[in-house]
Amino acid sequence: MSNPDWREQIWSNLNRPWDVIIIGGGVTGAGILREAARWGLRALLVEGHDFASGTSSRSSKLVHGGFRYLKNAQFKLTLEAVHERERLLKEGRGLINQMGFLLVSYDRDRIPAWVFGLGLALYDLLALKWNHRYYDATDIKDLCPYINEDGLLGGYRYFDAQTDDARLVLRLIHEAQGDGALALNYARVTSLLHDHKGQFCGVVLQDQSPQGQGRTLEIQASVVINATGAWADELRTLAGGKPRLRKLRGSHLIFPYHRLPLTRAISFLHPKDHRPVFAFPWEGVTLFGTTDVDHAAPLVTDPTISTAELEYLMDALNIVFPGQSLTFNDVQSTFSGIRPVVYTGKVDPSKESREHVIWFENGLLTVTGGKLTTFRLMAHDALRAISRKLPRSPRFHLHQRMLNPISFEEIIHPDLSRAAHLRLLGRYGRDAVSLIEIANPGELSKIENTPNLWAELRWAARSEQVVHLEDLLLRRVRLGLLLPQGGVTILDRITQNRPIRTGLG
């Protein structure tokens, strides 16, 4: 998509019949689009802001089975999630990577260590592998020298995985487009179209880009899918549905690696309310989270952390890592995401189920809830639910891989390490070959102390539907989080490098 008129090309191709229109450009919508394209459906995805601009770039970056959900007896969800985690580890090498966790116990914890041991035994059995083991306090201190040893009893090692959530969404969308699907960001659904029976059969789309000047278009489809996550209730009200979701905010802190240098994830119970929290290395920084509080403010794509959440997280860090003397000034950046869960009236938001739900209301199919890890299952359930409404029966491939296979040998370059090759393949799939080919001299070097390459900026700006600068620096690459002051020190090089074409507005 290096044509500078890419947006005009997409708009000119919208006015045709579609089998399915997917509203929402997060991981749920991207997964549905990927599977719909594979099944041969004429599929269109539209997103009112940027791809992954909501929760799917603001998650905890973990691909995990949900060990803590075992406490709430959510066994089915955990079973599905651990199996999907194993699948993604195999398919998404370089993008989804295994990460070791240390789950530590203190004498102040309400839950004794042996309970965690039983839970991890079940966790591993569900995954059909035995990967956990116990360490005493001395071993834990050796593995994590910065941890507070006062009251430390020991802990368990186990494994989950981490990812770049926004890059996962973008890879799904790009591979779906390669199979004939279409996706458009900054295209907001302002209303739904309905037929003479009152069933919804399309959308009214408004261009939100600076060059679009608010143009609108009516587009029809056999089925409309609402995959807007935390915004699902807002769209459901247009179909006559009543609000059913509870919006929960999870906030995170990012520190420069040298202020909290961890080589593995450290998980522990918050000393004040005994909720599990975690710190782990990610993309050259250290990430710490998360909160789980009701989000009462109006929904926006960029919610912010509250003072109470900031104090809550810092209190935990300074109790468990007292020698680091962390202060608010050490926080390099923060991010918050909104989790949609079905409201059941539970006082403790952490006890609400994380399972996904599907509702069919007057022809509008809503799929929401769920976890990043289980997006493939959500896509399958959504497409199965609409199969009878499609003009032709699609061919289901429930066990086919979600991400396209890639070959390491295709992109061997002398200036890149094996780890850098694998990272590019994971994030860009087969596009990694072209990314390297268009790189100018020196652009295969890292940007400051991050794992990102200058060539990634060029590729994203030319080929990944960048409209605004934040699309480039917060989602195509994560420099807005990884560099001090949001990457202000590299802005001159970005804007002066004219071959990097964007529609920055």
Side-chain angles (χ1 to χ4, degrees), residues 1-4 61 88-100 161-175 177-178 256-258 261 263-264 281-285 401 403-466 471-484 487 489-502:
M1 194 170 290
S2 58
N3 186 338
K61 322 303 180 197
L88 286 168
L89 279 168
K90 293 176 182 177
E91 294 184 13
R93 292 178 63 232
L95 177 58
I96 296 97
N97 301 303
Q98 183 171 270
M99 180 172 62
Q162 66 170 214
T163 190
D164 182 331
D165 46 4
R167 287 304 327 174
L168 175 60
V169 171
L170 291 164
R171 183 168 167 191
L172 290 168
I173 289 175
H174 295 159
E175 292 186 353
Q177 290 173 317
Y257 182 77
H258 72 273
T263 58
R264 54 177 57 81
W282 180 75
E283 295 289 290
V285 295
R401 59 184 298 143
L403 298 171
N404 288 342
I406 50 179
S407 172
F408 182 87
E409 287 70 25
E410 290 183 26
I411 65 163
I412 296 298
H413 192 282
D415 292 343
L416 295 174
S417 67
R418 183 176 180 83
H421 281 110
L422 186 59
R423 184 180 181 279
L424 290 177
L425 283 170
R427 280 159 173 72
Y428 302 94
R430 293 169 183 167
D431 287 338
V433 178
S434 300
L435 184 155
I436 291 175
E437 287 177 348
I438 70 167
N440 285 338
E443 288 188 343
L444 294 179
S445 59
K446 291 181 179 180
I447 302 173
E448 297 194 6
N449 61 342
T450 77
N452 290 111
L453 308 180
W454 287 102
E456 293 181 73
L457 286 173
R458 174 179 299 280
W459 174 260
R462 287 174 49 132
S463 307
E464 295 193 330
Q465 295 183 230
V466 170
D471 306 338
L472 183 65
L473 295 184
L474 288 179
R475 289 174 285 277
R476 305 309 184 274
V477 295
R478 313 310 292 269
L479 298 175
L481 295 176
L482 305 180
L483 294 177
T489 57
I490 65 170
L491 288 183
D492 284 346
R493 177 166 176 179
I494 293 173
T495 56
Q496 291 173 9
N497 194 355
R498 295 307 179 189
I500 296 182
R501 300 183 58 104
T502 73

Once side chain to side chain donor-acceptor pair (under 3.5 Å) is applied, do any residues pair with [X], and if so which ones, sequence neighbours excluded?
| X | answer |
| --- | --- |
| Thr489 | Glu448 |
| Glu437 | none |
| Asp471 | Tyr186, Arg475 |

Is any side-chain heavy atom of [X] less than 4.5 Å from a side-chain heavy atom of [Y]?
| X | Y | value |
| --- | --- | --- |
| Leu435 | Leu453 | no |
| Asn449 | Leu482 | no |
| Met99 | Trp282 | no |

Mind checking what makes salt bridge (charged side-chain N to carboxylate O under 4.0 Å, His left out) contact with [X], not counting sequence neighbours?
| X | value |
| --- | --- |
| Arg476 | Asp50 |
| Glu283 | Arg423, Arg427 |
| Arg167 | Glu464 |
| Asp164 | Arg478 |

Next on the checklist: Using the ring pair (Phe, Tyr, Trp, His ring centres under 6.0 Å) criterion, which residues pair with His174? Sequence neighbours excluded.
Outcome noted: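 Scan of His174 (ring pair (Phe, Tyr, Trp, His ring centres under 6.0 Å), adjacent residues dropped) gives none.
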
Checklist entry - Which pairs count as side chain to side chain donor-acceptor pair (under 3.5 Å) when at least one residue sits in residues 91-100, sequence neighbours excluded? => result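 Pairs touching residues 91-100 that pass the test: Arg87-Glu91.
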
Which residues satisfy the side chain to side chain contact (heavy atoms under 4.5 Å, CB included) test with [X], sequence neighbours excluded?
| X | value |
| --- | --- |
| Leu479 | Ile447, Thr450, Asn452, Leu457, Leu473, Val477, Leu483, Ile490 |
| Ala439 | Glu443, Leu444, Ala455 |
| Thr263 | Tyr257 |

